[in-house]
There are 2 protein chains.
Amino acid sequence: MGALGQDVKARMSDFTRRCKEVGLSATHQRTVIYRVLVESRDHPSPEVVYERVSREIPEISRATVYKNIHTFIDAGLLREVSELHQTNRLDANLERHHHLICTRCRKVVDYDDDQLDGVRATHTEPDGFQVTEYRVEIRGLCSACRA
Amino acid sequence: MGALGQDVKARMSDFTRRCKEVGLSATHQRTVIYRVLVESRDHPSPEVVYERVSREIPEISRATVYKNIHTFIDAGLLREVSELHQTNRLDANLERHHHLICTRCRKVVDYDDDQLDGVRATHTEPDGFQVTEYRVEIRGLCSACRA
DNA sequence: ATAAATGCAAAGGATTTGCCGTCAA
DNA sequence: TTGACGGCAAATCCTTTGCATTTAT
């Protein structure tokens, strides 16, 4: 078993433990969905997760996949790459700037900070990417949602 | 006219100029859509843009708003806050890390970099936000899309 | 028994597409 | 008079919801 295998094993026992902590039953469906997620390195969409899980559980429904993705996110077992996926959000400000994003109400506020403008990766061409821009996303709760 | 007003004026002439450059007619609809975007500080969704534009042009259709948003993005007149809004993208890696995002094919790759982990805003509570996390998004073209 | 979890199908929301009419070069 | 643009409606894609059934405790 290679390094990834070890990792999957460790994360699956985290999964089991966390399920107990929050009172979730680790059903067969949930276990397979979570394992597929842990084994995926490509940040799959729910549809892709559904496809992959379907190979092991052909009868599974999309609803189960979607519901459990939410369940895992609520339990802190899973994250979204972007919280802004429900609808497009537009920005006519073409100057270099960053964003404050409220993870609760999805408010987005521009944030200018020279210090952040200087952010650079250590590696010049990370993973073969031709980098065009570094953007810092500052996540948290806006003043209204903190209250 | 306040500072924002000046800004809107300047950006609208950028708009007109850029339209000429790329051979787009600056129709009434386009001009109003773009002005609404420039005047909006809340990073609106296409639906919200449609509502705001509708006040001035009640007959406008959503299709026109959506089509022109794409047109503006292609022309470099407008940006998306997140390129990952068409579908959710999941991440079971709970360790602190950052992302490389290909703006063409939407590939997302994890990126670990101690240097980026140290990124902090200059202001302790920017805009009243209670910050929980700083994430750096490195945008560019992946090796496949560069080719 | 009781609550939680699944699956199906329908509904809902966001976005895109096809098509046709109109307008300007 | 040709191509670009706008508007309508249908289609599509993604996601959620309601409800009946099953499963676990």
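Here the structure is a predicted model, which is why all the values come from computation and not from measurement. Just so it is clear: chains get the letters A, B, ... in the order the sequence lines come, proteins before strands, and each one is counted from 1.
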For [X] and [N], what is the distance between atoms [atom1] and [atom2] respectively, to the nearest whole Å?
X     : N      : atom1 : atom2 : result
B:N68 : D:dC5  : CG    : P     : 8 Å
A:I60 : C:dT6  : CD1   : P     : 7 Å
A:L84 : D:dT15 : CG    : P     : 14 Å
B:F72 : D:dC5  : CZ    : P     : 10 Å
A:I73 : D:dT15 : CD1   : P     : 11 Å
B:I69 : D:dG6  : CD1   : P     : 13 Å
B:Y50 : D:dG6  : OH    : P     : 15 Å

Return the set of residues passing salt bridge (Lys or Arg N to Asp or Glu O under 4.0 Å) with [X] (not counting sequence neighbours), or none when no residue passes.
X      : result
A:D110 : none
B:E59  : none
A:E39  : A:R35
A:R106 : none

Any protein N or O atoms within reach of nucleotides 16-23 of chain D? Criterion: under 3.5 Å, listing atom names and distances.
| from | atom 1 | to | atom 2 | distance (Å) |
| --- | --- | --- | --- | --- |
| D:dT16 | OP1 | A:H70 | NE2 | 3.1 |
| D:dT16 | OP2 | A:H70 | NE2 | 2.8 |
| D:dG18 | O6 | A:K67 | NZ | 3.4 |

Using a heavy-atom cut-off of under 4.0 Å over every strand shown, decide if A:T87 touches base, sugar-phosphate, or nothing.
sugar-phosphate
Using a heavy-atom cut-off of under 4.0 Å over every strand shown, decide if A:E47 touches base, sugar-phosphate, or nothing.
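Counting heavy atoms under 4.0 Å across all strands, no contact is made by A:E47.
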side-chain contact (heavy atoms from CB on, under 4.5 Å) partners of A:D112, counting only residues at least two apart
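Only A:H97 meet the side-chain contact (heavy atoms from CB on, under 4.5 Å) criterion with A:D112.
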Counting just side-chain N and O atoms, does A:S61 come under 4.0 Å of either OP1 or OP2 of C:dT6?
no
Taking OP1 and OP2 of C:dT15, is either one under 4.0 Å from a side-chain nitrogen or oxygen of A:N88?
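No, A:N88 has no side-chain N/O under 4.0 Å of OP1/OP2 on C:dT15.
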N-O pairing of A:D14 and A:R11 below 4.0 Å
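No, A:D14 and A:R11 are not salt-bridged.
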Less than 4.0 angstrom from a charged side-chain N to a carboxylate O is my criterion; do B:D114 and B:R96 meet it?
no
B:H70: partners by ring-ring contact (aromatic ring centres under 6.0 Å, His included), with sequence neighbours left out:
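ring-ring contact (aromatic ring centres under 6.0 Å, His included) list for B:H70, sorted by chain: empty.
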At a heavy-atom distance below 4.0 Å, what parts of residues 13-36 of chain B sit against DNA chain C?
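Output list: empty, so none.
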By the side-chain hydrogen bond (donor to acceptor under 3.5 Å, both in side chains) test, which pairs, at least two apart or in different chains, include something from residues 23-32 of chain A?
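Checked against side-chain hydrogen bond (donor to acceptor under 3.5 Å, both in side chains) - neighbours excluded - the pairs reaching residues 23-32 of chain A are A:R30-A:N68.
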